[in-house]
Amino acid sequence: MESIKDKVAIIGMGTTKVGERWDAGVEDLLYEAASEAFADAKIDPSEIEAGYVGGLSATHTLNRVLKLNYIPVSGVENACSTGGDVFRNGAMAIASGMYDIVIVAAAGKQKDAGTTGIDMAGDPSTVGMEAMIHNGSVPRHFALYATRYMHHYGYSFDELKLTLAKIAVKNHKNGTLNPKAHFQKEIKLEDALNAPYIAWPLGLYDCCANIDGGACAILASPEVAKRYRDDYVLVKGIGLSSGWREGRMSQKYSFTMFPENVKAAQQAYDQAGITDPVNELSHVQLHDAFTVNELVDYEDVGIAPRGKAPHLVKDGYFEMDGKIPVNTDGGLKCTGHPVPATGLKQLAESYHQVQGTAGPRQVKNVRYSLAHSQGGLTGSFSTIVTVLGPRD
Amino acid sequence: MAGITDFGAYVPLHRLGPATDGWSGNNERSVANFDEDSITMAVAAVEDCLKGQSRADVDALYLASTSLPYQEKQAATLVATATDLSDDIFTTDVSHSLRSGTLALAMALDAAAAGRVQGGLVVASDSRLGPAGSDFEKATGDGSVCFQVGSGNEIATLETLVSAANEINDVWRPAGETMIRSWEDRFVQQEGYLDSLQRVLELLKKKTGKTVDDFDRIVLYAPDSRRHAEATRLLGIPRAKLQDPMLDRLGNTGCAFALMQLAAALEAAGPGESILVLNYGDGADAMVLRTTDRIADRPARGNRGLQGHLAACLPVGNYSEYLKWRGLFSEDSGVRRPNLSGPSAAALHREQDQVLRFKGVQCDACQAVMYPPQRICIACSARDGMTPIRLVGEPAKLFTYSMDYIAGTTDVPLVLTVIDFDNGARAVLMMTDRDVDAIKIDMPVELSFRLARSGGGITNYYWKSMPARELFVREREAVAAG
């Protein structure tokens, strides 16, 4: 198996303002994100050879809105990690040598569904346990992990809540530095601790907003990338792991970690040649749809020891000036979660951090940045971990 | 000789009563949870009746109820499937009359006497709806009971059955309506209830020479406690022989009521007792049963029976919560979720074993148990060597849980659970009949058949996890039992 390391370059990225975008439809958001990416890459859209777009029914949106001239476009769907997988498919297309320049894009219009949270109306053919899991709210699934994590490692309820609250406070603080974030307001620890429950033990500030937004990247082979800019960013590794519903069926599954995260991270580290993530990663974007995810993800991607992440959170380890700043853009918590676009949005922050163009959020001396996106429900997920780094 | 060979019962956990804010009744009554109906209660009664016994020999199911979800489509088939009875059995609904329970029992006993049924089940289950605030609402209760009938090991045999018909609109529910109606009170009592009972007692006397003074125990159906007292007086029933109707704590459970009282009588009876059951509805039935020696030495099966279920209770905190359960209080005010489409009838039919019977599989190679059924073993990767195994009744414990405060407006918070069975299987299920303050990791849980997402005219059911009923046994019953 060959590594993807240094075979794919990002020459431009764009993200929309994320929020309650009553003014914009999916195609407006795709246009907005793509326009920024084109400007960033200084590319004429006619030079693009192929496209990948997030969402099963989205295949025809991309050429329609961008008027790309009969180029091949594929829709990619992988739940909440769709954005990461759109990027992965585009990167594989470049790495294969079949195309020199590829566009990857996705947009989410969660606010058109008329629901708070993800519209989970369900498939009528899904019956029994699967129907029960799919026809309901999402936070309750992740809350199962918080309950078990607390029980398994012997943390008190107050210790758990304080840890989760500190993660929310951190991400809200980071979000104030991001003009494209949905929430740009600091919160107090007490606000998070005293918030009403959404899915016990998770409260309001433990949950991200499902919201509207889009993101886009232009990928090229490194040779072609040089024609567009000097500071292109290289893909160092991409891992994807898809679960088999182990957590719903097997008592071996602990509900204190996500095995898909561990496997995807290991694949990406192996490709990138990373053996010591704590000291080799400068910056990390984790899929904090819920604060408990960020907590468990620290341990899954190997930047916190098992069961010890609450101690590191307490010490500010993942804050902007900590050892490994996590979710410098505010995370899903503050930028929001426009489902198919989220993975690309995570990558955009990593891209800017590596490139040194993250503005007031810039972490010093960034070498490797990790972007993680995770989709699924109770006991079964798809996780994509991508490591980006600078050209040598 | 044909007779009753065993029985079980079910009473919902919840009660409307003095502890319910906004409840205007003086009594306490059982009330089906939001996810219970006559089908789910019938399933629970059958499970109680069959607990610790083989169900392979059951060859008939008679389901009595006035409150079934479909006007065309049998309900007995659903109850038979959910309780994992064989497909190759006789099934029927006996409906429309408050006498359906005794009528179904009579039909089953006749079939057993004729030798056509060897191990039949008669289940009576009702959840009748009275207008909000009405006397009906206060007097009714929800519950179910199941009798096993056959020949050879009877605990009680049928000696006599006499019936009288009475064509009358006293209490009725028109097709398409959800609430029971009635004519004026004194008319109902005099021309309906009392007249029919008097006639059936005359018929009984003519046929057997016996009067109400000739029995050890008398079960008397009555719409409510006032009418029960009035009938007891007018019919001259000796109070010492009268079965406690439980109207102060159970309520009138419709077509199951007389048979639930019979179950209570049988739980207390010794050998050789004669029991008169007087049931009413569009006429009356007088059924005379005699207990056998076997009633005293039945082996314990670990089922809860009527008293075991009645002892466990949880008050509904607020009357408005009950109104929400019955759809009498708009649920649309706080909708955050889209209206769900109905399940696919084709998919439900295809997946019946895992959905209705709650069957997983056990790997023939390594004995691992898994739910839902898999083609490839999750433990040893063996392919297509699986034997179905039903998980209902298997001991299980709570592994982790969450409590959802936003998914709906009924039964908030909705409790999602991951449960681990002692046999190695795991399942993710909603939890019902819980006290949110008493949920703990590792607590023992059971499975309960409940209403699930319905739509498109399909009433849909699935299994939920449930804490053991014994957690809810009230102090006074616990003391009395001890």
Side-chain angles (χ1 to χ4, degrees), chain A residues 113-152 195-204 207 244-256 290 292 377-380, chain B residues 335-352 354-356 358 360 368-372 374 376 378-379 399-408 413-418 420-421 424-430 436 440-442 452-453 455-456 458 460 462-464:
Chain A
T115 61
T116 301
I118 296 176
D119 176 357
M120 297 287 284
D123 169 5
S125 296
T126 307
V127 293
M129 194 163 98
E130 292 306 317
M132 187 281 298
I133 285 171
H134 285 274
N135 304 327
S137 81
V138 175
R140 61 190 182 138
H141 294 280
F142 295 90
L144 293 172
Y145 292 80
T147 308
R148 191 68 200 183
Y149 186 96
M150 166 173 66
H151 177 86
H152 185 83
Y197 286 120
I198 298 296
W200 183 99
L202 303 180
L204 180 65
C207 307
W244 53 271
R245 297 182 174 169
E246 180 185 12
R248 302 177 198 174
M249 288 187 274
S250 169
Q251 295 189 7
K252 288 183 185 157
Y253 186 96
S254 69
F255 277 92
T256 58
F290 304 95
V292 65
L377 298 170
T378 295
S380 204
Chain B
V335 166
R336 290 161 179 265
R337 300 279 150 202
N339 289 323
L340 298 171
S341 60
S344 159
L348 279 178
H349 188 69
R350 181 168 66 236
E351 304 297 349
Q352 221 165 69
Q354 60 157 299
V355 174
L356 297 180
F358 209 81
V369 181
M370 58 211 98
Y371 179 88
Q374 303 295 309
I376 299 175
I378 64 168
F399 183 77
T400 189
Y401 68 104
S402 63
M403 301 195 284
D404 188 335
Y405 283 83
I406 60 162
L414 292 173
V415 181
L416 181 66
T417 61
V418 178
D420 284 356
F421 292 86
R426 166 175 283 185
V428 183
L429 298 171
M430 300 303 297
V436 293
K440 285 188 177 64
I441 283 180
D442 292 334
R453 176 179 69 133
I458 293 176
N460 191 21
Y462 190 51
W463 295 84
K464 294 186 177 182

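Numbered from 1 within each chain, the chains take letters A, B, ... in sequence-line order.
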Could you grab the distance from atom [atom1] of [X] to atom [atom2] of [Y], nearest 0.5 Å is fine?
X	Y	atom1	atom2	value
A/Y253	B/I378	OH	CD1	13.0 Å
B/D404	A/H141	CG	NE2	8.5 Å
A/I198	B/Y405	CD1	OH	11.0 Å
B/F399	A/H152	CZ	NE2	8.0 Å

Study note, to complete from the structure: Assert top hit (heavy-atom pairs under 4.5 Å, partner chain A, pool B/P372, B/G360, B/G424) equals B/G424

For [X] and [Y], indicate whether the former's side chain and the latter's backbone hold a donor-acceptor pair under 3.5 Å.
X	Y	result
A/Q251	B/F421	yes
B/R426	A/S250	yes
A/R140	B/L414	no
A/T147	B/S402	no

Review point. Of all heavy-atom pairs between A/P139 and B/I406, which one has the smallest distance, and what is that distance?
Key: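 Shortest heavy-atom contact: CG-CD1, 4.4 Å.
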
Point to revise | Shortest non-hydrogen separation from A/R148 to B/I441 and the atoms involved | key: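 Heavy atoms only, the tightest pair is NH1-CG2, 3.5 Å.
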
Give, as side chain, backbone, both or neither, the part of [X] having an atom under 4.5 angstrom from any heavy atom of chain B.
X	result
A/T256	neither
A/M132	side chain
A/F142	neither

Answer whether the closest heavy-atom distance between the side chains of [X] and [Y] falls below 4.5 Å.
X	Y	result
A/H151	B/T400	no
B/M403	A/Y197	no
A/M129	B/W463	no

Exercise for review: Could you look at B/Y462 and say if it's the side chain, the backbone, both or neither that has a heavy atom under 4.5 Å from chain A?
Suggested key: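 The side chain, not the backbone.
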
Practice item. Can you tell which part of B/A427 gets under 4.5 Å to a heavy atom of chain A, answering side chain, backbone, both or neither? Key: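 Both backbone and side chain.
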
Check your understanding: In terms of heavy-atom pairs under 4.5 Å, which option from A/G379, A/P201, A/G247 contacts chain B the most?
Key -> A/G247

